[in-house]
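Every chain is numbered from 1, with letters handed out A, B, ... down the list of sequences.
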4 protein chains.
Amino acid sequence: MPRTPEQFKKIREEKRQQIKDAALELFAHEGYHGTSISEIAKSAGISKGLMYNYFESKEELVTSIMDEGMKIFTEFFDPDKDGVLTADEFEFFVRKSFETVRENTIYWKLYFSIIMQKEVFELVMAKYKNILDEVMNLLVAYYEKQGVEDPLAEAIMFGSLMDGISLNYILNNDMFPLDKVEDAIIKKFGHR
Amino acid sequence: MPRTPEQFKKIREEKRQQIKDAALELFAHEGYHGTSISEIAKSAGISKGLMYNYFESKEELVTSIMDEGMKIFTEFFDPDKDGVLTADEFEFFVRKSFETVRENTIYWKLYFSIIMQKEVFELVMAKYKNILDEVMNLLVAYYEKQGVEDPLAEAIMFGSLMDGISLNYILNNDMFPLDKVEDAIIKKFGHR
Amino acid sequence: MPRTPEQFKKIREEKRQQIKDAALELFAHEGYHGTSISEIAKSAGISKGLMYNYFESKEELVTSIMDEGMKIFTEFFDPDKDGVLTADEFEFFVRKSFETVRENTIYWKLYFSIIMQKEVFELVMAKYKNILDEVMNLLVAYYEKQGVEDPLAEAIMFGSLMDGISLNYILNNDMFPLDKVEDAIIKKFGHR
Amino acid sequence: MPRTPEQFKKIREEKRQQIKDAALELFAHEGYHGTSISEIAKSAGISKGLMYNYFESKEELVTSIMDEGMKIFTEFFDPDKDGVLTADEFEFFVRKSFETVRENTIYWKLYFSIIMQKEVFELVMAKYKNILDEVMNLLVAYYEKQGVEDPLAEAIMFGSLMDGISLNYILNNDMFPLDKVEDAIIKKFGHR
DNA sequence: CATGAATGAGGGTTCATTCAT
DNA sequence: AATGAATGAACCCTCATTCAT
């Protein structure tokens with residue numbers, strides 16, 4: 001008697017996740033090209049061939065991981081989706097962003113290593129660019145409302161700062177005083 | 001008449017440079033793993049085998065390139081080496097940093113893509129950490145002198161911001177308003 | 001009420017046929033090595049695993065298909081089985097042969113692609129050789145009776161011609177004037 | 001001191017031929033898909049990787065072999081290239097064709113196995129089609145000149161017969177009375 | 001009878017490195 | 001100093017077959 005479709009679906013989803021977890025860990029530490037399918041399979045406790053039952057290529061695997069991480073990011077951002085940022089929401093955004101970086105350090109390590117790669121990932125990046133542009137637009141509008149002199153420059157600086165902090169935190173996990181910087185950035189770029 | 005040892009050394013050095021130039025170009029565009037020794041050799045106009053007369057491995061080649069780029073960076077920084085930063089020197093530092101990024105975009109592309117890689121490059125990074133820590137110390141001292149409330153947080157923010165801006169400029173060369181941001185950062189983090 | 005053994009056998013036979021039909025289609029279009037068990041199973045509307053309930057291997061499957069096609073061929077040939085060929089029967093044979101090629105083009109495509117393969121299929125070919133030798137013997141006897149000068153050479157030429165025509169028709173389906181050639185061959189090799 | 005370019009060229013050509021010889025043997029016996037690069041390399045006495053120094057892919061290898069064989073074929077055909085076939089030239093053509101088949105049996109085995117394959121080889125076949133069409137045109141003109149009733153049908157029959165004979169000779173090397181058939185075909189299709 | 005997850009060997013291909021010349 | 005032929009390990013991926021359910 002075969003398993004029910006529900007059973008198969010459950011197996012598939014669990015195994016896919018299991019593979020993605022193993023792959024994320026390895027991609028983040030060794031880089032995309034530095035990680036082989038063999039390593040991922042071994043780390044996930046499955047055979048090499050089985051990988052391709054769940055992901056049709058190495059590229060689909062990494063894409064799938066990236067999408068999942070980006071989904072987490074967007075879920076936490078602009079929660080009421082009214083397209084306007086208040087000062088409280090700004091602070092909430094900063095704190096949530098750092099929370100995400102803190103809790104999904106490995107994912108963001110992968111993210112930063114991936115964005116340095118070549119055309120293969122330009123499609124992926126195109127998708128994310130929309131999301132990130134949206135964030136930028138909200139920020140510019142916010143700074144305008146608060147009467148900041150050059151809202152665009154301020155928004156770009158703020159965005160770059162978030163990137164830079166994330167990058168340094170990721171590279172220097174133990175030493176980086178993320179909490180302190182979190183407060184400072186809200187004070188300096190919040191413009192309450 | 002045979003060449004003197006000095007002449008040999010000079011020829012050697014020139015050839016090494018020629019190889020490094022070709023390799024940097026390719027590494028930055030195709031990534032480290034995406035660039036083969038064959039391609040580098042062809043681009044440098046020499047044979048594959050000869051590569052190994054000048055660099056003992058692909059890894060030594062990339063390490064050597066990184067070192068050279070970092071040397072350029074340090075040469076331009078803190079020119080009088082008196083260990084103290086004035087407000088003018090701060091501005092000078094920012095402007096020179098951006099100048100370097102603007103003029104050596106390819107190198108910094110390689111730099112950012114390399115720092116996301118694995119333990120092989122941890123040695124390289126250890127070396128650079130000293131240089132970067134030195135910069136950080138000067139900055140903290142500078143902010144203390146200027147009476148900034150939390151000098152360390154300010155210095156870290158400034159450093160992260162420089163990284164974030166460089167990263168975004170590299171990724172988005174055409175659209176990024178580097179000049180504008182350059183002025184804004186001096187105004188906001190100069191504390192004259 | 002449980003099914004009788006006969007019912008089971010019939011269901012089994014139908015399913016086998018269903019698989020063979022799907023497989024023939026794919027083998028002929030993609031080649032033997034170019035067709036995977038997965039594709040066959042999907043095309044037959046069953047699971048991969050079930051395939052092995054009906055055929056013990058990919059090889060048995062293709063062998064079985066070949067046998068079936070050859071059976072069709074022999075059924076149409078020498079209908080009264082008296083071991084003698086009249087002029088009318090010769091013509092009948094030619095017309096029926098071409099009819100078979102026309103109606104089972106796909107099978108003959110598979111046939112010609114398979115006979116070029118390696119020793120695995122030598123067994124299969126041994127079986128067919130008997131059938132084809134039988135045909136040859138009848139033809140030689142026929143040409144002798146008609147007073148042809150070199151009956152063996154004539155028979156071999158005729159057999160080779162039939163092969164060559166089939167091959168070219170298969171490869172060049174649309175352009176090949178099979179009808180015209182059919183008449184011509186009867187005129188030229190019939191020896192009425 | 002490096003080898004001279006001439007030396008390298010000689011090495012390359014010899015090795016390429018060595019690989020092609022090994023590959024032809026294997027392709028003919030095991031089929032294209034049934035032959036692995038590993039097997040070819042082993043049979044040629046080189047490493048797998050070296051294959052790709054001489055042929056950029058398995059496909060280029062087989063294409064190169066096919067071209068070489070077809071070149072032999074065309075060299076022997078229509079030697080004075082005046083575009084007209086005399087009765088002597090017709091006989092010469094038949095005899096030379098069989099000579100080629102006799103002497104390059106393996107190649108023609110590959111040829112027949114290849115023409116049954118899928119789209120990958122359609123390009124290759126397109127090239128050959130021109131050559132073969134040319135032959136056909138000459139034949140039709142020849143039969144017209146000789147006053148044959150249906151020249152096209154005759155030419156197609158002759159061409160198909162040549163194919164069929166080659167095929168059967170290849171498959172049944174030892175038993176096939178090629179000499180006898182050679183004479184018979186000239187008598188029957190020569191129309192002197 | 002029926003499923004598709006799972007395996008493992010092998011497919012073609014690439015590439016850093018070595019070596020004879 | 002210089003060449004490119006040669007190696008061998010590893011790469012991503014496919015697939016006939018087996019197996020737990």
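- Stems are defined here as 3 or more consecutive Watson-Crick or G-U wobble pairs with pairing distances under 3.5 Å; those involving DNA chain E are E:2-21 with F:2-21.
- The cationic group of B:Lys58 lies under 6.0 Å from the six-membered ring centre of B:Tyr32 and within 45° of the ring axis, placing it in a cation-pi geometry.
- Here the P atom of nucleotide E:dC1 and the CD atom of C:Glu14 are 14 Å apart, to the nearest Å.
- Taking atom CD1 of A:Ile46 as the reference point, atom C1' of E:dG4 lies 15 Å away to the nearest angstrom.
- Minimum heavy-atom separation, D:Lys127 to D:Thr63: NZ-CG2, 4.5 Å.
- Heavy-atom nearest nucleotides on DNA chain F were determined for B:Arg12 and for D:Phe8, and the one closer to the 5' end corresponds to B:Arg12.
- Taking 4.0 Å as the cut-off between side-chain N and carboxylate O, D:Glu60 and D:Arg16 count as a salt-bridged pair.
- Across the protein-nucleic acid pair, C:Lys42 atom NZ and F:dC15 atom C1' stand 14 Å apart, rounded to whole Å.
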Return a single string for nucleotides 11-16 of chain E, one symbol per nucleotide in 5' to 3' order, where B is base contact, S is sugar-phosphate-only contact and - is none, cutoff 4.0 angstrom on heavy atoms. SBBBBS
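- Going from atom CD of A:Glu6 over to atom P of E:dG4 covers 12 Å, rounded to whole Å.
- Between D:Tyr54 and the phosphate of F:dA5, there is no side-chain N or O to OP1/OP2 separation shorter than 4.0 Å.
- Using cut-offs of 30° and 60° for the angle between ring planes, the B:Tyr111 and B:Trp108 rings count as perpendicular.
- Regarding D:Lys10, its NZ atom lies at a distance of 16 Å from the C1' atom of F:dG4, rounded to whole Å.
- Positionally, the nearest nucleotide of DNA chain E for C:Ser47 lies more toward the 5' end than for the other of C:Ser47 and A:Met51.
- Judged purely by atom type and a 3.5 angstrom limit, A:Tyr128 uses its side chain to pair as donor or acceptor with the backbone of A:Asp67.
- Interatomic distance, CD of B:Glu25 versus CD1 of B:Ile106, reported as 4.0 Å (0.5 Å rounding).
- With hydrogens and angles disregarded, a donor-acceptor distance shorter than 3.5 Å links the side chain of D:Tyr107 to the backbone of D:Met66.
- The CD1 atom of B:Ile19 sits 3.5 Å away from atom CD1 of B:Ile46, with the distance rounded to the nearest 0.5 Å.
- Residues D:Glu6 and D:Lys10 are not paired through a salt bridge, judged by the lack of any N-O separation under 4.0 Å between the basic side chain and the carboxylate.
- Residue C:Leu61 contributes atom CG, which lies 14 Å from atom C1' of F:dT17 at whole-angstrom precision.
- Between B:Asn53 and F:dA1 there is a side-chain N or O to OP1 or OP2 distance below 4.0 Å.
- Looking at which nucleotide of DNA chain E each of A:Ile11 and D:Gln7 is closest to, the 5′-most match is held by A:Ile11.
- As rounded to whole Å, 15 Å separates atom P of F:dT14 from atom CD of C:Glu30.
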